[in-house]
Colleague: 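Here it is, the structure, as structure tokens.
All of these numbers come straight from a predicted model, not from anything done at the bench.
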2 protein chains.
Amino acid sequence: MSRAAKIEDVASRAGVSVATVSRALRGLPHVSAATREKVLRAAEELDYRPNPHAARLAAGRSGTVGVAVPVLNSWFYANVLAGVEAVLAEEALDMHVIVVDGPDATERFIAGLPALSKRVDGLVLCDLFMPDQLWEDLAGGPVPVATVGVDTGLFDSVTIDNVAAAEAAVGHLLDLGHTRIGLIGAGPDGATDNESAALRRRGTIAALGRRGLDLPADLDVAGSFSVAGGREAMLELIGRGAPTAVFCISDEMAIGAMWAAEEAGLRVPEDLAVVGFDDQPVAEAVGLTTVRQPVSIMAARAAHLVLARLDGDDGPVQRHVMPTLLQKRKSTDFRHLTPVHAHS
Amino acid sequence: MSRAAKIEDVASRAGVSVATVSRALRGLPHVSAATREKVLRAAEELDYRPNPHAARLAAGRSGTVGVAVPVLNSWFYANVLAGVEAVLAEEALDMHVIVVDGPDATERFIAGLPALSKRVDGLVLCDLFMPDQLWEDLAGGPVPVATVGVDTGLFDSVTIDNVAAAEAAVGHLLDLGHTRIGLIGAGPDGATDNESAALRRRGTIAALGRRGLDLPADLDVAGSFSVAGGREAMLELIGRGAPTAVFCISDEMAIGAMWAAEEAGLRVPEDLAVVGFDDQPVAEAVGLTTVRQPVSIMAARAAHLVLARLDGDDGPVQRHVMPTLLQKRKSTDFRHLTPVHAHS
DNA sequence: CCGGCGAATGTAAGCGCTTGCCACTGGCGG
DNA sequence: CCGCCAGTGGCAAGCGCTTACATTCGCCGG
């Protein structure tokens, strides 16, 4: 065909007005069954495809929800995207992905926020770190927001209880008899400011504290959320006099830590117990004890929350806390006897 | 402010016409420096943000390139997205991600193709499997396409030499003295039709053939591209009488295979040599010998290729073949003595 | 048999921007 | 001193759709 059909062509072919075509095609009321049928047929025959930009301009809605993540190529965020994408695809909505990696990108993201509200109808924000003022600005804005991984109290959120999860992980290590437990985390000292990291650190300290222990500075290291980051942190720990167990706030880091341990001639779990966080498929394969969190389900729920807001739900802010589960595997399957116990 | 500023507001504030504002803001010629400055200031003062939908409708361009991938939550495709996103972000273009998982989604993708050409200016297609006819239709269409991982000859493409890479991998195994080498692949029998999988299988057979060996049916299994898929395939292989070495067409599968081996009491590399494909970070951590391919660089190049087409490049189709490298690690670090050699 | 009412449809005014085309301006050579 | 040209800038017609409002029509109760 020469030129793409427009709504007007469909209208004249069906013998109705463009308004009727628009209504019929979108399933709106006030169209008789017969007319609708006629329109559908005409559209079919012309292979009509509505122009989304025209529709969006006219309707003032974009049919798109934005998803902001710090990086794309990590298991966690890839699954966030997958979770959101799955629900959006069902609703025939577009996903606009925004990568906010590091301070510069955050700057740009913030600067682009006003413009963003024109291109997305809703927003799923994942592990974003911004000044409080901006969160409030966002809350005052027109686009519904759901956050995953962070809970500001201002928006619908879906998180896990990071503190409790970390307590469980470290508690497990303590139950095994460890007293010299390292933490491989992330934070201002590490790659980025990350709320989850801070909470897991808090949980670690809480678990330790409950047994009268603390987290000595030399066992408290931070790295980037990656295999390499975990390895480096572990190497650092080893250089300082290795702990007998280490809690890593991501599986990638834990795998890096196991690697470093091996390089240093430490056996896991005999010489070093390791626990990770996430429970990605690889964790099970390598026998890594880790905290399972339902990543893509969380993301999907966040997506549903913004969709509900788009459908007019104006109930109170919903703050979902999803369950986690400590998966015990080989990397901690060894009872550690501390010198104290050995002599008692 | 009450209502978002529109171009007209900027125009009147700057004392020029909307046409001039449009030109000034987009850096088009035929605007004097003084005028441009005036416009910029006015826009700044009003915090003006152009409405992308209006711009796209009027201009007939979408400022968006689409990226189709089979799944989001795998290392490979996550890196593809990351690679594309990085170059698009630089050009201030949007990325529209399309997940084409399985036949149904492919169907939908194909059905949506005509509509798609209105919402994207270009397309990066990754490991997509479609009837030839549709590729040709696409080639006849208005939107430039670049493929990654598959080379149809119709579009700019960036691939690796899968056959040669597999030959190198299996050749390495042969050099180590293995003669009973299994292949864990994917294909019509596996999860999806995948061109790379077919080519790697071909390379495997070629390498074997060069030594006068063949790939017996009982050592030729297929699984899904995942840890679980690799594990199941390996278990199957073990059930049939384990080979002494196995080539897996992805790292996830290789890690699954190592897991299965361990479950079965086989030591890697002594009892079973394993080689994977991709060289994702975890591979190095677990000492997996594997074929490295520059995933995100490939994706970035594909993105550049479609951008070049958008800039009017109408040169001949470019078919880039990127280098791969066999990374030898612990999982194959053992010279296997076949009975034949042992007795000679 | 008539007024009125609601459902079905049409009319047309935008939505906010881009761009082809025309009009103006001032500096320059003739 | 005049006409011409290149460089600027304005005008206005779209881009293809949505939707408020007006209109039409069939049907019912009075």
Side-chain angles (χ1 to χ4, degrees), chain A residues 1-40 42-43 46-64 92 114-119 121 142, chain B residues 1-40 42-43 46-64 92 114-119 121 142:
Chain A
M1 72 213 56
S2 56
R3 214 185 69 276
K6 40 178 70 172
I7 199 172
E8 195 179 317
D9 303 326
V10 178
S12 64
R13 184 174 237 273
V16 298
S17 73
V18 296
T20 301
V21 173
S22 176
R23 289 189 281 251
L25 256 25
R26 288 182 302 144
L28 298 185
H30 301 302
V31 178
S32 71
T35 304
R36 188 181 307 271
E37 182 56 35
K38 224 170 20 179
V39 169
L40 255 29
L46 293 172
D47 193 32
Y48 168 70
R49 314 286 175 154
N51 180 315
H53 303 308
R56 290 166 181 192
L57 173 56
R61 279 178 265 96
S62 61
T64 300
L116 192 59
S117 65
K118 294 182 180 167
R119 50 183 6 115
D121 294 337
Chain B
M1 72 214 53
S2 58
R3 215 186 69 276
K6 42 177 69 173
I7 198 172
E8 194 178 317
D9 304 326
V10 178
S12 64
R13 185 172 236 271
V16 298
S17 73
V18 296
T20 300
V21 173
S22 176
R23 290 179 196 119
L25 257 26
R26 288 182 301 144
L28 297 185
H30 301 302
V31 179
S32 69
T35 306
R36 188 181 308 270
E37 181 56 37
K38 222 169 25 179
V39 170
L40 255 30
L46 294 173
D47 193 31
Y48 167 70
R49 312 287 175 156
N51 179 315
H53 303 308
R56 290 167 182 192
L57 174 57
R61 280 178 264 97
S62 61
T64 301
L116 192 59
S117 66
K118 294 182 179 166
R119 53 185 1 118
D121 294 337

Colleague: Check the distance between D:dT18's P and B:Asn51's CG and give it to me in whole angstrom.
Modeller: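 B:Asn51 atom CG is separated from D:dT18 atom P by 15 Å.
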
Colleague: Consider the side chain of B:Arg61, meaning its heavy atoms from C-beta on, and name the nucleotide among C:dT18, C:dG10, C:dT19 that approaches it most closely.
Modeller: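 Nearest to the side chain of B:Arg61 among the choices is C:dT19.
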
Colleague: Under 4.0 Å between a side-chain N or O of B:Arg56 and OP1 or OP2 of C:dC15?
Modeller: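 No, because none of the side-chain N or O atoms of B:Arg56 sits under 4.0 Å from OP1 or OP2 of C:dC15.
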
Colleague: Report the distance from atom CG of B:Asp9 to atom P of C:dG16, rounded to the nearest whole Å.
Modeller: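 Between P of C:dG16 and CG of B:Asp9: 10 Å.
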
Colleague: Please report the distance, rounded to the nearest Å, between NE2 in A:His53 and C1' in D:dG16.
Modeller: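 Distance check: A:His53 NE2 to D:dG16 C1' gives 11 Å.
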
Colleague: Using a 4.0 Å heavy-atom cut-off across all strands, classify A:Arg36 as base, sugar-phosphate, or nothing.
Modeller: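 Nothing: the residue A:Arg36, judged by heavy atoms under 4.0 Å, touches no strand.
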
Colleague: Report the distance from atom CZ of B:Arg119 to atom P of D:dG16, rounded to the nearest whole Å.
Modeller: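 Roughly 16 Å, once rounded to whole Å.
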
Colleague: Would B:Arg26 and B:Ser22 count as having a side-chain donor-acceptor pair, cut-off 3.5 Å?
Modeller: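 A donor-acceptor contact under 3.5 Å links the two side chains.
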
Colleague: How close or far is atom C1' of C:dG10 from atom CD1 of A:Ile7, stated in whole angstroms?
Modeller: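 Roughly 13 Å, once rounded to whole Å.
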
Colleague: Do B:Val16 and B:Val10 have side chains that get closer than 4.5 Å, going by heavy atoms?
Modeller: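 With C-beta onward as the side chain, the pair stays apart.
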
Colleague: Round to a whole Å and report the spacing from CG of B:Leu57 to C1' of D:dC15.
Modeller: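 After rounding, the reported distance stands at 4 Å.
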
Colleague: Nearest-nucleotide wise, let me know which of A:Ala54 and A:Gly15 is further upstream toward the 5' end of DNA chain C.
Modeller: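 Its nearest nucleotide being more 5', the pick is A:Gly15.
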
Colleague: Residues two or more places apart in sequence or in another chain: which of them pass side chain to side chain donor-acceptor pair (under 3.5 Å) with A:Ser12?
Modeller: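 Applying side chain to side chain donor-acceptor pair (under 3.5 Å) to A:Ser12 gives none.
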
Colleague: In residues 17-32 of chain B, what residues come within less than 4.0 Å of DNA chain C, judged by heavy atoms?
Modeller: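 Heavy-atom contacts with DNA chain C come from B:Ala19, B:Ser22, B:Arg23, B:Arg26.
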
Colleague: Flag the pair B:Lys118 / A:Arg49 as yes when at least one side-chain heavy-atom distance between them is below 4.5 Å, and no otherwise.
Modeller: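 B:Lys118 vs A:Arg49: side chains touch.
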
Colleague: Please give, in whole Å, the distance from C:dC17 P to B:Arg49 CZ?
Modeller: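 So the CZ-P distance, B:Arg49 to C:dC17, works out to 13 Å.
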
Colleague: Between B:Ile7 and B:Asn51, does the side chain to side chain contact (heavy atoms under 4.5 Å, CB included) criterion hold? Intermediate values first, please.
Modeller: CA-CA 9 Å; B:Ile7 198 172; B:Asn51 179 315; over 6 Å; no

Colleague: Please examine the side chains of A:Leu57 and B:Arg56, heavy atoms only from C-beta on, and report whether any two atoms are closer than 4.5 Å.
Modeller: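 No, every pair of side-chain atoms sits at 4.5 Å or beyond.
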
Colleague: Need one value for A:Pro52: base, sugar-phosphate or nothing, where a base atom within 4.0 Å counts as base even if backbone is also close, heavy atoms only.
Modeller: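 Since no nucleic acid heavy atom lies under 4.0 Å of A:Pro52, the category is nothing.
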
Colleague: Rounded to whole angstrom units, what separation is found between the CG atom of A:Leu46 and the P atom of D:dC17?
Modeller: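 Answer to the nearest Å: 12 Å.
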
Colleague: Do B:Thr64 and B:Arg119 come within less than 4.5 Å of each other through their side chains, counting heavy atoms only?
Modeller: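 A side-chain contact under 4.5 Å is absent here.
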
